[in-house]
2 protein chains.
Amino acid sequence: MTISTRGRYALRVMAELAEHGNEFIPLKSVAERQNISQKYLESIMTGLSKAGLVEGAHGKGGGYRLCRAPEDYKVREILEITEGELAPVACLKKEAPTCEMAERCRTLPMWRELYKTLNDFFDSYTVADLVSGSEEDKGSWII
Amino acid sequence: MTISTRGRYALRVMAELAEHGNEFIPLKSVAERQNISQKYLESIMTGLSKAGLVEGAHGKGGGYRLCRAPEDYKVREILEITEGELAPVACLKKEAPTCEMAERCRTLPMWRELYKTLNDFFDSYTVADLVSGSEEDKGSWII
DNA sequence: CTTTTTACCTACCAATCTGATATGTTGGTA
DNA sequence: TACCAACATATCAGATTGGTAGGTAAAAAG
């Protein structure tokens, strides 16, 4: 029942790109700041680039930047690209063979409800929320 | 982001035990009805037995039965025994080393919120709900 | 045109988890 | 004594996780 590092790192990079506006940010600097393997990050960002969430630029002054405004990226979209479907049980995945016990399964209704809860949760967060959320936290002890 | 078969099977067995009241039910019959490997079920039920959720009886007429009323088993309790902690990210687990980036982590607040959402969700379901839920479903198409 | 910088591509790998199977032993019932 | 069923322990194939290694392609700077 865990989100792997792929999805977690992807969100952290997206948040960092959001903070830098329109600039291209090289992964080298992100990897150093966040203490993540650069090569591993590359494999994650390639997926986001192919999906059209970020734009990559080669050469000096290159790197990655967002294609949309931070508030237009739902966390769910990013996680689905990096982690695959967020179905909490195997039998709810699209590629799963239809279970012949589905109609008399005592737990399936609960799993469906959980799936909905998860999707709603991740739809309610955007990349902009990630950035501003932690900014608020920074100052929250000052009253 | 999935619950494994261990937790799912455990819930289905608990629901079946609940339906049979005070009787001891042998795993052989459960395994046949639910089309699950009996030996695999044994390893799952041993954990629940050690944790005091079910009572096992040897010999003919033996099997497993619940120790409490079905409405006194929260789904969360059963899942935590079979699956371990339900923390959605590794860094929220108790045994995890405290992350030195925690204070400036842009995503941690969201994960904490998700953890709470999951715990609330699984606290809101009991074994009694699993049983009665599917009973309702059975009749729901008759109006 | 060469060097540097960066994304992008392909292959591999060790460790761990998943979902079992196999082979018993212990304890209780008929 | 025969049988049944929980309980115990070892093993295992396949997938997933979290990377590493070693390159190619494109763009900018000199």
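Just so it is clear: chains get the letters A, B, ... in the order the sequence lines come, proteins before strands, and each one is counted from 1. Computed over heavy atoms, backbone and side chain alike; hydrogens, waters and symmetry mates excluded.
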Just the rounded figure in Å: distance from [atom2] of [N] to [atom1] of [X].
| X | N | atom1 | atom2 | answer |
| --- | --- | --- | --- | --- |
| F24(B) | dA30(C) | CZ | P | 13 Å |
| I36(A) | dT20(D) | CD1 | P | 12 Å |
| I44(B) | dT21(C) | CD1 | P | 12 Å |
| Q38(B) | dA22(C) | CD | C1' | 13 Å |
| L41(B) | dA20(C) | CG | C1' | 11 Å |

Protein heavy-atom contacts under 4.0 Å, written 5' to 3' over nucleotides 8-19 of chain C as B (base), S (sugar-phosphate only) or - (none), form the string BB---------B
Less than 4.0 Å between a side-chain N and a carboxylate O, is that true for K93(B) and E85(B)? no
Would a 4.5 Å heavy-atom cut-off, applied to side chains only, mark T126(B) and Y73(B) as touching? no
Could you check if a side-chain atom of F122(A) sits within less than 4.5 angstrom of a side-chain atom of E80(A), using non-hydrogen atoms only? no
Between G59(B) and K60(A), the residue closer to the 5' end of DNA chain C by nearest nucleotide is K60(A)
Under 4.0 Å, counting only non-hydrogen atoms across every strand here, what does G61(B) touch: a base, just sugar-phosphate, or nothing? nothing
Which pairs, with at least one residue in residues 4-16 of chain B and sequence neighbours excluded, count as a salt bridge (charged side-chain N to carboxylate O under 4.0 Å, His left out)? E16(B)-R33(B)
Enumerate the salt bridge (charged side-chain N to carboxylate O under 4.0 Å, His left out) contacts for residues 34-47 of chain B, please, sequence neighbours excluded, ordered by first and then second residue. K39(B)-E42(B)
Checking side chain to side chain contact (heavy atoms under 4.5 Å, CB included) between L53(A) and each of L17(A), V127(A), L66(A), I81(A), which is the one that passes? I81(A)
